[in-house]
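Report on the structure given below.
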Amino acid sequence: MAKELPKTYDPQSFEDRLYKFWNDNGCFKPCGDKTKPTYTIVIPPPNITGQLHMGHALDNTLQDILIRWKRMSGYDTLWVPGTDHASIATEAKIVAAMREEGLTKEDLGREKFLERAWDWKEKYGGRIVSQLKKMGSSCDWSHERFTLDEGCSNAVREVFVRLYNKGLIYRGERIINWCPHCRTSISNAEVNYETQKSHFWHIRYPLVGGEGYLEVATTRPETLLGDTAIAVNPADERYKDLIGKYCVLPLVGRRIPIVGDEHAQLDKGTGCVKITPAHDPNDFLVGKRQHLPMEVCLTEDAKITDNYPKYAGMDRYEARKAILKDLEEGGYLVSIEDLDHEVGTCYRCGTTIEPMISLQWFVKMVPLAEPAIAAVKEGKTRFVPERFDKNYYRWMENTQDWCISRQLWWGHRIPAFYCDACGETVVTKDSSAVCPKCGKPMRQDPDTLDTWFSSALWPFSTLGWPEKTDDLKRYFPTNTLVTGYDIITFWVSRMIFSSLEYMGEVPFDTVLIHGLVRDAQGRKMSKSLGNGIDPLEIIDKYGADALRFALATGNSPGNDMRFSDEKIEAARNFINKIWNAARFVLMNLDIEEVALPAADKLELEDRFILSRFNTVISDVTAALERYELGVALSKLYDFIWDVFCDWYIELVKPRLFAKGTESNLVAQNVIAWVLSSAMKLLHPFCPFVTEEIWQTLPHTGLSIMISDWPKASDALSFPVEEAQMSRIIDVITAIRVRRAEMNVQPARKTHLFVSGDPAVFNEKATPFFVRLAFASAVDYPAAHEDDTAVRIVTDSATVLIPLADLIDRDKEIARLTKEKDAAQNEITRLSAKLNNAGFLAKAPAAVVDAERAKLAAAQAKLDNIESSLAKL
RNA sequence: GGGGGCGUAGCUCAGUUGGUUAGAGCGUAUGCUUGACAUGCAUAAGGUCAUUGGUUCGACCCCAACCGUCCCCACCA
C-alpha cells in the first residue's frame, strides 16, 4: 500500500528535514564522475554586513535552479558558496557599533580592531550561510570560502606581486575620490553622482601690476585657497597677452600665474578658469602640464588646513560661507547664478566625496581592458540578455586606472614594504621582509586593498589558485555567473580581466543578468523607505518553495520585477494544488513500483497526457537552455494545473476507482509516472515539495535531486490520440458553455446525442461525458432528428441536448445564424489568404498546410451548423 | 551630454528565430460543498499590443520617427 501525505500542505514540517537529508547524504557535492561533463557556478559572495535580502533570494534561486537542473541532466556539478569581507561596508558597521560604546578605531588599535572584525565575521557570516540553506541552495558547503581566508589572501598577494613586477600596479600621487566620512580613498566605480541645487559664483581676481582683473566662475569657492593659477585658452584673443602675467588670489594675497591651457574653453563662462590642482581632477592635469604647485587646502576630514589661519579647522561648507562673505566684503564677488550640479557621493555613506591629491596604489587598466573587451567581442563570455554587453564595453573602453588602496584596516593588507632607513620599496609575499639594500627591517604599507580586488579573483581563488589543484583543473573555467546588472562594472568586468591575465582564459562562459526586486508599487526596496520584504518572513509564512516560485515566475532575464502578496499567494496556491493532486494520486495507489505500461495497454486519455507531457519536457528543457527560467516555469504551471489536474485526473477517475481491473493498474502507473516525472521537471524550482512528494510515491533511488532529468521521446508521442482527446475536450467545454449560458443547474443531468467521427465519438467517450458534461446517458447517432433539442456545434461534432423546456426556437435560430456568420467570415478570410499568390509562393509549406487545415475545420463547422439549422 | 530599458486586459506581467481570432495570475461577474484541493471547480466579460509611418504575402515582434516613463554612464570650470 502506498504511503500517504498529510492533509494540509505545511512546508515547515519538511523543508528543514529535507535540507538536512540532502546534506547528510552528500547530495550537494560534485559526483566527481570523470566521464561526465562539469558544470560550475561560483556564488556572488554575499557581504557579511547584513542578512539575506530579496536580491540575494532571487540571485540564489536562479543559481539553484540552474545547478539542480544540470545535476539531474548528467553533469558533474559544483556550486561554490562563500561570503565577502566587504571591507569598507563592514568596517563602517563595526565603527558604528563601536561608537555606541564610545570607542574609536584608534582607541582599540589595529590588532584589537581586527579581532572584533573577525568576531563580526563569525556571527554574521554564519547567519547568512544558514539563510542560504533555508532557501534550499544546493551549494557544496565543503567548498565554502571567504574572501579573506588564507587561500584567497594568498591569491591576492600573488596577484599583487605579479602585477607589480609587470608594471601594472604602481604607486603614485593622483587625484582620487576621498570620502571624508569613511576617511579613505574610493575608486571611481564607488562614486555615485546626484544632482544638487547649487550656484555658480563669479569672482574677480585682480591682475598684478595693473588696473584690471579676471573674472572666473566656480561651484566651489572654498577651494580658492588652493588655487595656483588661472588658465585661459591660448587661442583666446581676449586674454592672449595676459599669459605669463600674474593675478592676486583674493583673501590670500598670493601671486598666481595666468597660464595658457586647452582646458579653458573659449565659449564657456568668461573663458578664465581657476586652477586648484590638489582638489580637482581636471585642474590636477592642468597643474601637471603647466608644472604648477599642488596646494593642499583641505584635510582628510574636509576641513581647511592650518595654512590658512583665518579659516583653519572650518568644515568645507562652513568655510564656503565664510569665504563668500569675505569675498563679498572685499568686492570680489561679482554675481551668483543658480545651477543644478552633479555631485559625487560615497556609495557607502552618501557623503559628498572630496577630490584630493593623494599617494595611492593603482592598477593600470588599459593593458588589462583590451583583452577583456576582445574576449566578450569574440563570444568567449556571453551576457544574457545580450544587451548588457554594451554596458560592459562602455565601461571597459573608458576605464581609468583603478585606485586599489584603502585607508582601512579590515581587508587584505597591501604587500608592499618600505625601508625608512634608505627609502627602498619592496613588494613581496614574504611578510617578514628586510631591506635588500641596507638590511634594516621594513615597514609594511598600512593600507588595505579595495574589497573588489579579492572579489575579482573569486572564480579561481576559490578553486585553489595559485596552486594547481585538482579542483582548479576540473572545474575552471566555470560556466554560469548569475548576478544583477548593478554589479557588472564593479565585479563582472574585473573578474573577466583578472581571469584573462592570470588564468589565460575567461572565468565563465555565460553571465546571466537579473534585475532588481522591487516592492508592490515598483519602488526600490530600501531601509530608508522601510519597504523591504524579508525573505525569511516569507519562508516562515509560505515556505521556501513558494518564495522561489514567486521569484522565478513572471519575469525575464535582465528585467526588474515586483514582489507582492498577490504573487507569493499565487505561488503558494500552486504548490498547494500540487500537494493535493499528489495526495489524490496516493490515495488511489496500491502499486509497489511505478512502470510506464506498454503502449498497447494505454488508453486514449493516457496517450493524451503522455503526449502532452512529452511536449512539456521539450519545452521546459529548451527554455532552461535559453536561460528563460520564467518561461520554463510557466509551461510547467500550465501543464500541471490545466492539463494534468483539470483534465487528466478528471478523465481517469472512473478507472482509478474501478479496482481490480487491468485498466485500473494501467491508470495507476500512468498517473503516478506522469506525476513523478513532472515533479522532476519542477524540482529545480521547488526542491522541497517535489522531494517530499517524490519520496512518498513509489520510487527507486535516494533522492529526486540526483534522479535523471526526463527526456522527450517518440515513445511518449501520440499525436493522433492527443488530437482525438482534444476534440472530446472541446465538445465537453462547448456543452458546459451552452449550459452556463442557459443557466442549467448542475444537478440537472441530461441525455446527450453526440454525432461526429465514430473513431472518437463512441461509447468509450461516455464516461467522460457522464463525469464532465452532466450526461445521464449518451447516444452516438449517425444523424440528428430531434428538432426540439439544444444544438451544440463544434468543428468535429454536433451535440443535441433534449432540454425542450428551456428552448426558445427563435433564439436558437438566431444563435446558430450568428455562429454561421462567424464561420463564414472565417472561411472568407482563410480563402482569401490561400488565394493570395504571394502567400502561397513565399510562406513555408507548413504554414500553408496549417491554414488549409483551418479552412477545412471551419468548413466542417459550417456544414454542421447548416444541417442543424435545417432541422429547426 | 551620451547609452539603454520599458509602454500589451482594471492591476502586475509573459509573449520562444515575423505565420490563426494576442496569453497568464490577481481582480470582476455568474453558478457550484462535483469521491485531492474554497489556497478549490466551471463559465464569462475585459485588449485599435503608446502614436505615426515604413519593410513584408503576412508585423505585438523588424526599421524609422515621435510621445511618455525608468535606469545607467559622464571631469562640464
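In the text below, chain A, chain B and the rest are named by the order of the sequence lines, each starting its count at 1. No hydrogens, no waters, no symmetry mates; every other heavy atom, side chains included, goes into these values.
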A/Lys567 and A/Thr553: side chain donor to acceptor below 3.5 Å: no
Nearest-nucleotide pick for A/Arg829, side chain only, options being B/rU20, B/rU56, B/rG25: B/rU20
Spacing between A/Asn836 atom CG and B/rG19 atom P, to the nearest angstrom: 17 Å
Selection from B/rU20, B/rG4, B/rG31 that lies nearest to any side-chain heavy atom of A/Glu826: B/rU20
B/rU33 to B/rU48 separation - P atoms, rounded to the nearest Å: 38 Å
Inter-nucleotide C1' distance (B/rU12, B/rC75), Å rounded: 41 Å
Minimum-distance nucleotide to A/Lys390 side chain [options: B/rG31, B/rG4, B/rC57]: B/rG4
Partner nucleotide of B/rG68 by Watson-Crick or wobble geometry (both distances under 3.5 Å): B/rC6
Sugar-phosphate only, base, or nothing, as touched by A/Thr733 at under 4.0 Å among non-hydrogen atoms: sugar-phosphate
Touch class at under 4.0 angstrom, heavy-atom based, for A/His202 against every strand present: nothing
Among B/rU43, B/rG31, B/rU16, the nucleotide that comes nearest once only the side chain of A/Ala740 is considered: B/rU43
Donor-acceptor pair (no angle test) under 3.5 Å: A/Glu650 side chain, B/rA36 base: yes
Integer-rounded Å distance: B/rU39 P and A/Lys7 NZ: 13 Å
Euclidean distance for C1', B/rU21 against B/rC13 (whole angstrom): 22 Å
Donor-acceptor side-chain pairing of A/Glu337 and A/His199 below 3.5 angstrom: no
Sugar-phosphate, base or nothing in reach of A/Phe200, heavy atoms under 4.0 Å: sugar-phosphate
Distance-only donor-acceptor test, A/Arg562 side-chain atoms vs B/rU12 base atoms, 3.5 Å: no
Side-chain donor/acceptor of A/Asn282 to base of B/rC75, under 3.5 Å: yes
B/rG25 versus B/rC41 - spacing of their P atoms, nearest Å: 10 Å
Polar contact flag, side-chain donor to acceptor under 3.5 angstrom, A/Lys833-A/Ser831: no
Close residues, residues 638-648 of chain A, relative to RNA chain B [heavy-atom separation under 4.0 Å]: A/Trp641, A/Cys645, A/Asp646
Aromatic ring pairing A/Tyr637/A/Trp641, orientation class (parallel under 30°, perpendicular over 60°, tilted between): tilted
Sugar-phosphate, base or nothing in reach of A/Ser564, heavy atoms under 4.0 Å: nothing
Whole-Å C1' distance, B/rA22 and B/rC61: 11 Å
For A/Arg738 against A/Ile792, the heavy-atom pair lying closest together: CG-CG1, 3.2 Å
Whole-angstrom distance between B/rU17 and B/rC11, as gauged at atom P: 28 Å
Side-chain donor/acceptor contact of A/Arg736 with base of B/rU43 under 3.5 Å: no
Closest listed nucleotide, where the reference is the side chain of A/Ser556 and the choices are B/rA14, B/rU16, B/rC37: B/rA14
Any donor-acceptor N or O pair under 3.5 Å, side chains A/Arg583, A/Asn580: yes
Between B/rG46 and B/rC26 - C1' atom distance, rounded Å: 14 Å
Any side-chain donor near an acceptor of the partner, A/Gln290 and A/Asp261, under 3.5 Å: yes
Between P of B/rC11 and CD of A/Glu569, the distance in whole Å: 20 Å
Distance-only side-chain donor-acceptor flag, A/Asn188 / A/Asn177, under 3.5 Å: yes
Touch class at under 4.0 angstrom, heavy-atom based, for A/Arg572 against every strand present: base
Among B/rG25, B/rC32, B/rA74, the nucleotide that comes nearest once only the side chain of A/Tyr193 is considered: B/rA74
Distance, rounded to the nearest Å, where A/Phe769 contributes CZ and B/rU34 contributes P: 22 Å
Complementary nucleotide of B/rC41, counting Watson-Crick and G-U pairs under 3.5 Å: B/rG31
Watson-Crick or G-U wobble mate for B/rG1, both contacts under 3.5 Å: B/rC73
Between A/His263 and A/Asn282, a side-chain donor and acceptor under 3.5 Å: no
Atom pair distance, as rounded to whole Å: NZ in A/Lys567 and P in B/rC13: 7 Å
Among B/rU39, B/rC32, B/rA36, the one nearest A/Asn573 by side-chain distance: B/rU39
A/Glu566 side chain, from C-beta outward: closest of B/rU56, B/rA36, B/rG25: B/rG25
Pairing partner (Watson-Crick or G-U wobble, both distances under 3.5 angstrom) of B/rU55: none
Sugar-phosphate, base or nothing in reach of A/Ala231, heavy atoms under 4.0 Å: nothing
Any donor-acceptor N or O pair under 3.5 Å, side chains A/Ser556, A/Asn559: yes
Sugar-phosphate, base or nothing in reach of A/Phe388, heavy atoms under 4.0 Å: nothing
Sugar-phosphate only, base, or nothing, as touched by A/Pro355 at under 4.0 Å among non-hydrogen atoms: nothing
Qualifying residue for ring-ring contact (aromatic ring centres under 6.0 Å, His included) with A/Phe574, from A/Phe549, A/Tyr542, A/Phe639, A/Tyr9: A/Phe549
Watson-Crick or G-U counterpart of B/rG18, or none if no pair lies under 3.5 Å: none
Candidate nucleotides B/rA14, B/rU16, B/rA44, ranked by approach to the side chain of A/Asn559 - the nearest: B/rA14
Protein-nucleotide distance (A/Ile792, atom CD1; B/rU43, atom P), rounded to Å: 13 Å
Pairwise C1' distance, B/rU43 and B/rC49 [rounded to whole Å]: 26 Å
Side-chain N,O (A/Lys635) to OP1/OP2 (B/rU16) below 4.0 Å: no
Nucleotide paired to B/rC60 in any strand shown, Watson-Crick or G-U, under 3.5 Å: none
Candidate nucleotides B/rG4, B/rG25, B/rG15, ranked by approach to the side chain of A/Arg387 - the nearest: B/rG4
Touch class at under 4.0 angstrom, heavy-atom based, for A/Thr553 against every strand present: nothing
Between P of B/rG3 and CE of A/Met396, the distance in whole Å: 21 Å
Sugar-phosphate, base or nothing in reach of A/Ala570, heavy atoms under 4.0 Å: sugar-phosphate
Cation-aromatic face contact A/Arg204/A/Tyr332, 6.0 Å, 45 degrees: no
Between P of B/rC37 and CG of A/Leu675, the distance in whole Å: 16 Å
